[in-house]
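All values below come from the heavy atoms of this structure, side chains included, with hydrogens, waters and symmetry mates left out. Residue numbers start from 1 in every chain, and the chains themselves are labelled A, B, ... in the order their sequence lines are given, proteins ahead of strands.
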Protein chains: 2
Amino acid sequence: MTNLRGGDLSRLRQLNSLSALRELRGAGPLTLSALAERTGLSRPSTKDVVDELIELGWVVEVAPTAGSMGRPARRYRFRADSGYLVGIDIGAHNVRAALADLDGEVLAETRQPVLPEAPLADRLAAIERAVDGCLALSGKRMTDLWTVAVGTNGVVTREGHVVFSAAIPAWRGLDLAAELRRMFPCEVLIENDSRLAVLAESKRGAARGAGDVVFLHIGRRMGSALIIDGKLHRGYGAAAGEIAMLPEARWFDAPEHLHACPAVPADVPPEDAAGHTLAAARDGDPVALTCVERFVDDLAVGTAAMVLLLDPEVVVLGGGFSRSADVLLPPLRERLERVCMRMPEVRASTLGEECVVFGAIEYAVAHHDRHLFADDGDPGAQRSPGSSGHGSPTWTRGTG
Amino acid sequence: MTNLRGGDLSRLRQLNSLSALRELRGAGPLTLSALAERTGLSRPSTKDVVDELIELGWVVEVAPTAGSMGRPARRYRFRADSGYLVGIDIGAHNVRAALADLDGEVLAETRQPVLPEAPLADRLAAIERAVDGCLALSGKRMTDLWTVAVGTNGVVTREGHVVFSAAIPAWRGLDLAAELRRMFPCEVLIENDSRLAVLAESKRGAARGAGDVVFLHIGRRMGSALIIDGKLHRGYGAAAGEIAMLPEARWFDAPEHLHACPAVPADVPPEDAAGHTLAAARDGDPVALTCVERFVDDLAVGTAAMVLLLDPEVVVLGGGFSRSADVLLPPLRERLERVCMRMPEVRASTLGEECVVFGAIEYAVAHHDRHLFADDGDPGAQRSPGSSGHGSPTWTRGTG
DNA sequence: GCTACTTACGAAGGAGTGCTTCATTAGTAG
DNA sequence: CTACTAATGAAGCACTCCTTCGTAAGTAGC
């Protein structure tokens, strides 16, 4: 809407190329006729466009399907394998990584345990091992990577500085983007982990298709993230979602109800206490149930504030405690119904622990698409299939 | 980004026409060369485009400026006077209306007092009088109106039903859009008044140019509204901004501190009590100051929740009490600084009581532009200058 | 009042893109 | 082997934009 612009004849071709590419991207192999119908172009024009895309390396022809009437149509598909993306979840206890193609199809996943108090070098080494593992598992090389997207705990600036991280002390004040750019010879994106989680849930998880989503990260640490009007909301200073900082929201200390529950035996290690409480509540232990109720009481206050303020379509419960969503959802819904003007859907995360990694991949895919489909400048010029390796064709054409 | 589409050659012309129209719209009279430079088109093509726009009635030629070197250039301007918009603010005590041209330039304003408990018919009659007044003052006729945009208290659906209104009892459950469509032979838009206020502040008021804005409506009744990523946030069920409904946010009863302040003499009528308290606080009355402090204590809780959650660029203080922003802003800032991760700008409304009317006009302008610049279907076809009156040309061309 | 300079206008010719149309080709069905 | 179906590829046409050039309408200087 804001940046629609006319221009040259070549601009029209560009628009049509992008339109065709998008259709191929979303729908898998298509015949020329099918693509023509989807783009609204005539068949001959579609052919022109596709030929150009093939020459540029964005599209390849695949074998025609047999068994239908008439002359078999040639079929084309988006070359999702012209580049690869890596998503990384840097948590306090684990570094997870996944490698995917340009469609976001995951080809390999790894996990490297880390100690929360590990020094910076150890954590960076774990990141490198996690990515190397993905490359080895998928048989790709470092130079095949186009983008590495990273999710981590804390407030992260748009440039990739970690301003603040309660869970990972070594992180604070670090120029994480610079560290990782030294490690990976490709584009590096950094984002808050909860935000990537909500992105994943809205793309392929519990909130698929919803335009306005509130994500609750409930676990040892509490957090939240927002999708507004289909887009990740970062805020002016990239500090959105930090409602847990407000005492009146009663979020910060809420997990204490689960950690310090009298129903937990003394020999249970502190990091398993909350899980124990939730399990006991599921089994009907009245003491544990009371603790869960108190936790939900507190959780519901901040959640209600978000729901009343934003009127989202879906609220997604994620984070470590969401494994016990069956215990948490009914009382949470009940409390929200008391105060909310309009009750949103309240659902548990369907992606679980891989949420952030998937979100990182979706973030990288979206970043790639944004450049590809941007209607300013020459799209895809900074990265086209031809630009690495053969090195001949770029997107821009006819300059000479 | 999402709906960029290629297509026909005529589509390119359409894009270029819209691009030219937008430049003319934003920048006042332009010469052909200037317009060509802005749109990126060549001069001959720009001429073609402008000729077409003139034929369609969107653009007119104005007298050239004298006194410069060379042959004087012809100048063209957007025909903001090809249609008119009315913005209406339906409050509990007043109905305000303003008439503006398609650029949002206000030509006439009126106000009609109403009693809060007035029956439906009286309020509708006041609306009609307010608009008739604007028409008389500006010398326009009802048929010159393209759009009437209305702001009113309460939760309003996308279709213009009032779901709920605490301030205007007669409103509840009313199909306000239908009532007004009966009254005005043009497009009718309904929106919540706080939302229109924040729109006005973000377009021409205290938050001009900001992408993420939190608007606090503080007055006899408390409310809020959000601009997120430059757009009005409605929420899935049009119920966004209702944080005052949450007891823990301490907003709902906050005005009571000002109404029931012991510093107010008994002979002051109840509706003036809050103003009296604020005035006394400005004069240094210690009792009044305490009441104001308590009010701000409560106000800051809900505000901090919004700021922490959204990390806005600007917070705007509007509503009746914002006339005393000099008394309220310093303590509010001080409290927000204690809890917020990143402190936003906190400013007083610069539009005051006309906020909602201006917002309604901005809303109508935006609605008009959205249709005009929409890149789907044939833009402006539903309303083009030619469509009323002469009735010959429409936007679409070359169909036969 | 005349000439030189500056800037804009308008027409002509050329290139690129998309559309329609039609004969041709490569399969399946009987 | 023939009839039918659906995709292919080439030809001709229409539209939009670009570049180039000669012309027109002002101001500045003499």
Side-chain angles (χ1 to χ4, degrees), chain A residues 4-21 23 29-56 61-76 378 395-400, chain B residues 4-21 29-56 59 61-76 378 395-400:
Chain A
L4 96 170
R5 251 175 28 205
D8 211 333
L9 275 290
S10 66
R11 169 111 180 96
L12 187 59
R13 164 57 65 96
Q14 194 188 57
L15 250 50
N16 283 330
S17 291
L18 292 175
S19 172
L21 196 53
E23 293 299 333
L30 288 174
T31 68
L32 222 46
S33 307
L35 185 58
E37 194 180 348
R38 281 164 176 264
T39 55
L41 292 171
S42 71
R43 251 183 39 86
S45 301
T46 311
K47 179 68 162 59
D48 270 8
V49 166
V50 168
D51 283 348
E52 189 179 282
L53 288 172
I54 289 176
E55 196 184 337
L56 291 169
E61 190 172 344
V62 298
T65 45
S68 64
M69 281 289 241
R71 178 173 178 169
R74 302 167 73 169
R75 287 160 69 237
Y76 305 90
D378 46 351
W395 187 277
T396 20
R397 53 199 299 277
T399 48
Chain B
L4 96 170
R5 252 175 27 205
D8 210 332
L9 274 294
S10 66
R11 168 113 181 93
L12 187 60
R13 164 56 68 94
Q14 194 188 57
L15 250 51
N16 283 329
S17 291
L18 292 175
S19 173
L21 197 52
L30 289 174
T31 68
L32 221 45
S33 306
L35 186 57
E37 193 179 350
R38 280 164 177 264
T39 55
L41 291 171
S42 71
R43 251 183 38 88
S45 301
T46 310
K47 180 68 162 60
D48 270 8
V49 166
V50 168
D51 282 349
E52 190 178 280
L53 288 172
I54 289 176
E55 196 183 337
L56 291 169
V59 166
E61 189 173 345
V62 298
T65 45
S68 63
M69 280 288 242
R71 177 174 176 168
R74 302 167 72 169
R75 288 159 69 236
Y76 304 89
D378 46 350
W395 188 278
T396 20
R397 53 198 300 278
T399 49

Using the side-chain heavy atoms of [X], tell me which of these nucleotides is nearest: [options].
X: A:R71; options: D:dA10, D:dA6, C:dC9; answer: D:dA6
X: B:S42; options: D:dA7, D:dT19, C:dC9; answer: D:dT19
X: A:R74; options: D:dG9, C:dG16, D:dG26; answer: D:dG9
X: B:M69; options: C:dC9, C:dT7, D:dC17; answer: C:dT7
X: A:L41; options: C:dG18, C:dA29, C:dG10; answer: C:dG18
X: B:S45; options: C:dG27, D:dC18, D:dT27; answer: D:dC18
X: B:R43; options: C:dT17, C:dG10, D:dG9; answer: C:dG10

Gap between atoms [atom1] and [atom2], on [X] and [N] respectively (whole Å):
X: A:L9; N: D:dT16; atom1: CG; atom2: P; result: 10 Å
X: B:D51; N: C:dG10; atom1: CG; atom2: C1'; result: 11 Å
X: A:E37; N: D:dA6; atom1: CD; atom2: C1'; result: 14 Å
X: B:R13; N: D:dC17; atom1: CZ; atom2: C1'; result: 9 Å
X: A:L32; N: C:dC19; atom1: CG; atom2: P; result: 12 Å
X: A:E52; N: C:dT17; atom1: CD; atom2: C1'; result: 11 Å
X: B:R75; N: C:dC9; atom1: CZ; atom2: P; result: 12 Å
X: B:L12; N: C:dC19; atom1: CG; atom2: P; result: 13 Å

> Can you check whether B:N16 has a side-chain N or O nearer than 4.0 Å to OP1 or OP2 of D:dT16?
Replying inline: no
>> Quick check on C:dG10: is either OP1 or OP2 less than 4.0 Å from any side-chain nitrogen or oxygen of B:K47?
In response: yes
> Can you tell me how far CG of A:L21 sits from OH of A:Y76, rounded to the nearest 0.5 angstrom?
Replying inline: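 Here the interatomic distance stands at 14.5 Å.
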> Do other residues, nucleotides or ligands put more than 12 heavy atoms under 6.0 Å from the CD atom of A:E61?
Replying inline: yes
>> Between B:N16 and B:D48, is the side-chain contact (heavy atoms from CB on, under 4.5 Å) condition met? List the steps.
In response: CA-CA 10 Å; B:N16 283 329; B:D48 270 8; over 6 Å; no
> With a 4.5 Å heavy-atom cut-off, do A:R74 and A:K47 have their side chains touching?
Replying inline: yes
> Got a donor-acceptor contact below 3.5 angstrom from the B:R38 side chain to the B:A20 backbone?
Replying inline: no
